[in-house]
Amino acid sequence: MDDYKMGFLLLYNAITDALRTLAVQDISTAREILSNAQKKVDEVYIEEDE
């Protein structure tokens, strides 16, 4: 899969999960979900460059 597609899917799913988490007012978990997704996407792009 193209790296940008994988990155998009990872971020899209994380945003969906974070929004569900925010709906129940769990801000710290939502922040953690988004932060972890950002790290995963960075890893995807780094691995593709190698």
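Here NZ of Lys40 is found 11.0 Å from CE of Met6. Values are rounded to the nearest 0.5 Å.
In plain terms, the two heavy atoms of Tyr4 and Tyr45 that are nearest each other are CA-OH, 3.3 Å.
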Which donor-acceptor pairs under 3.5 Å do side chains of residues 27-39 form with protein atoms, sequence neighbours excluded?
{"from": "Thr29", "atom 1": "OG1", "to": "Asp26", "atom 2": "OD1", "distance (Å)": "3.0"}
{"from": "Thr29", "atom 1": "OG1", "to": "Asp26", "atom 2": "OD2", "distance (Å)": "2.8"}
{"from": "Asn36", "atom 1": "ND2", "to": "Glu32", "atom 2": "O", "distance (Å)": "3.3"}

Below 3.5 Å, can you tabulate the donor-acceptor pairs from side chains in residues 8-20 to any protein atom, sequence neighbours excluded?
{"from": "Asn13", "atom 1": "ND2", "to": "Leu9", "atom 2": "O", "distance (Å)": "3.2"}
{"from": "Thr16", "atom 1": "OG1", "to": "Tyr12", "atom 2": "O", "distance (Å)": "3.0"}

